[in-house]
Amino acid sequence: MSADEIKISFDKPSKSADKPSEPSSEAAPGKDEKGGTPIPPGVKRKRLSGVFSSQTVAKVGTGTTTRKTIQKAYWFAEEKAPAPGEEPVVVVQPLNTNNVPSGPKDEVPLSDFLDRFNPEIEYHQKVVFPKMKELSTTIQRAEAQRDQGALYSAEFEFSNALAVDEENVRANFGLGLTYMERGDAAKAADLFERVVGLDAAFAPEHKHLFNEFGINLRKSKLLDQAVAYYSRALELTENDENLFYNIARAYFERGDVDQCRENLSKALEIHPGFDEAKKFLEYLEKRGG
């Protein structure tokens, strides 16, 4: 069997969150954020994007020493385009100690967001946006060096990016691919453990990196990692025939023909006209697998 992995195609492509950008799209006319007075059809507004803060009040101490403290947290927020007839939502992500968005994202209905969050325009312009731009530039430089085959320089730049945001998906994928292209399977295997734990690594906006990483795991003979990688993806995207096909490839090269056949069958259950999976099964039958 010589066919390579099928490229995964996710359902909902979305804009990459790694590159800082200023809002440019405009919200559709409709009711205002509080669900009250309708926005006139001719009036447009830009969707929310930038740094906001939230505050929580906590009690410290006990008895007569009890006192209240206000804890302030900073978030990077971007409003999503709403589906027809639905309330807009805002995607919020916490800022890390290096003042860049990092970690898990959460969706907040726009009406709740406006009640709970306050804009931090100056902080965004003077601190966060420059840091995001610097991080994006570092990753772009690393990716260019990797494309040129300057793998040690790429490793240096990807590592610099991860020192700022250790959960950055592009930098983690890039560093892992750099290790594999350099033939350093041990470091690639260590990096894999981090990547497979990031839910964001399997998000639609990173599908091209997802595909490349999975293929390179198999080609680098990191077959256990390739199986675990695609298994993790299947936890998040259950009905994707391409994922079942790709994990079948990894099982086949690992010598587990029964699991290979089982996953090919699952791929065909989802998509009976999947020619590559049919040909793979036919190949297994001819070789007596």
Side-chain angles (χ1 to χ4, degrees), residues 10-58 70-140 161 164-171 198-207 236:
F10 294 91
D11 294 330
K12 297 179 180 179
S14 62
K15 178 181 175 183
S16 171
D18 291 324
K19 296 182 180 180
S21 61
E22 297 187 22
S24 58
S25 56
E26 295 173 322
K31 289 187 176 181
D32 69 7
E33 291 83 359
K34 298 291 185 179
T37 305
I39 299 173
V43 175
K44 297 181 179 180
R45 65 172 180 83
K46 290 185 176 181
R47 296 192 182 100
L48 294 176
S49 177
V51 176
F52 290 76
S53 65
S54 63
Q55 293 184 351
T56 56
V57 179
I70 297 177
Q71 299 174 333
K72 190 173 186 179
Y74 291 93
W75 309 78
F76 186 78
E78 285 188 302
E79 182 183 348
K80 289 175 60 176
E86 293 186 2
E87 180 182 6
V89 297
V90 180
V91 179
V92 297
Q93 187 177 25
L95 301 185
N96 67 10
T97 54
N98 294 310
N99 291 305
V100 297
S102 181
K105 299 178 181 180
D106 195 17
E107 292 189 356
V108 181
L110 182 57
S111 56
D112 291 345
F113 178 85
L114 295 172
D115 285 338
R116 294 166 45 197
F117 293 81
N118 298 307
E120 300 285 349
I121 298 173
E122 184 175 4
Y123 191 49
H124 172 79
Q125 293 176 337
K126 293 186 176 181
V127 179
V128 178
F129 184 77
K131 289 285 187 180
M132 292 174 66
K133 188 175 181 180
E134 181 182 352
L135 176 60
S136 180
T137 300
T138 300
I139 294 172
Q140 290 172 11
V164 176
D165 178 11
E166 65 179 2
E167 296 188 32
N168 187 279
V169 173
R170 284 173 61 198
L198 297 174
D199 286 353
F202 304 92
E205 61 262 34
H206 300 301
K207 63 178 181 289
L236 304 173

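Side chains are part of it too, since the values below use all heavy atoms of this structure and drop only hydrogens, waters and symmetry mates.
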Engineer: If you compare all heavy atoms of Val164 against all heavy atoms of Asn96, which two are closest, and at what distance to 0.1 Å?
Structural biologist: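 In this case the closest contact between Val164 and Asn96 is O-ND2, 2.9 Å.
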Engineer: Can you name the closest pair of heavy atoms from Asp165 and Pro101 and give their distance?
Structural biologist: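 It is OD2-O, 3.5 Å.
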Engineer: Taking only residues two or more places apart in sequence, or in another chain, which ones meet Glu107 in a salt bridge (Lys or Arg N to Asp or Glu O under 4.0 Å)?
Structural biologist: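 Counting only residues at least two positions away or on another chain, Glu107 forms a salt bridge (Lys or Arg N to Asp or Glu O under 4.0 Å) with Lys80.
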Engineer: First locate atom CZ of Phe76, then atom CZ of Phe52, and finally report the distance between them rounded to the nearest 0.5 Å.
Structural biologist: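 Phe76 atom CZ to Phe52 atom CZ measures 9.5 Å (nearest 0.5 Å).
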Engineer: Mind checking the NE2-OG spacing from His124 to Ser49? Nearest 0.5 Å is all I need.
Structural biologist: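 It is 6.5 Å, given to the nearest 0.5 Å.
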Engineer: Can you name the closest pair of heavy atoms from Trp75 and Pro94 and give their distance?
Structural biologist: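 Nearest heavy atoms, Trp75 then Pro94: CE3-N, 3.5 Å.
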Engineer: Just by distance, with hydrogens left out, do Tyr123 and Asn99 show a side-chain donor and acceptor under 3.5 Å apart?
Structural biologist: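 Result is yes, a qualifying pair exists.
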Engineer: Taking Glu87 for the side chain and Ser111 for the main chain, is one N or O donor matched with an acceptor at less than 3.5 Å?
Structural biologist: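 Indeed, once roles are kept as given, a pair shorter than 3.5 Å links the two residues.
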Engineer: Which heavy atom in Val90 sits nearest to a heavy atom in Ala77, and how many Å separate them?
Structural biologist: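 For Val90 and Ala77, the tightest heavy-atom pair comes out as CG1-CB, 3.7 Å.
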Engineer: For residues Val108 and Phe113, report the shortest heavy-atom separation together with the two atoms involved.
Structural biologist: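 Residues Val108 and Phe113, closest heavy atoms: CG1-N, 3.6 Å.
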Engineer: For a quick test of reading the model, state the closest non-hydrogen atom pair linking Gly103 to Glu167 and the distance between them.
Structural biologist: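 Closest heavy-atom pair between Gly103 and Glu167: CA-OE1, 3.3 Å.
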Engineer: State the CE-CD distance between Met132 and Glu134, to the nearest 0.5 angstrom.
Structural biologist: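 Nearest 0.5 Å value for the CE-CD distance: 12.5 Å.
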Engineer: What distance do Ser54 atom OG and Gln71 atom CD have between them, rounded to the nearest 0.5 Å?
Structural biologist: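 The distance works out to 10.0 Å.
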Engineer: Roughly how far, to the nearest 0.5 Å, is the NZ atom of Lys46 from the CD atom of Glu79?
Structural biologist: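 Between Glu79 CD and Lys46 NZ, I get 13.5 Å after rounding to 0.5 Å.
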Engineer: With rounding to the nearest 0.5 Å, note down the distance linking CG in Leu135 to CD in Gln140.
Structural biologist: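 The CG atom of Leu135 sits 10.0 Å away from the CD atom of Gln140.
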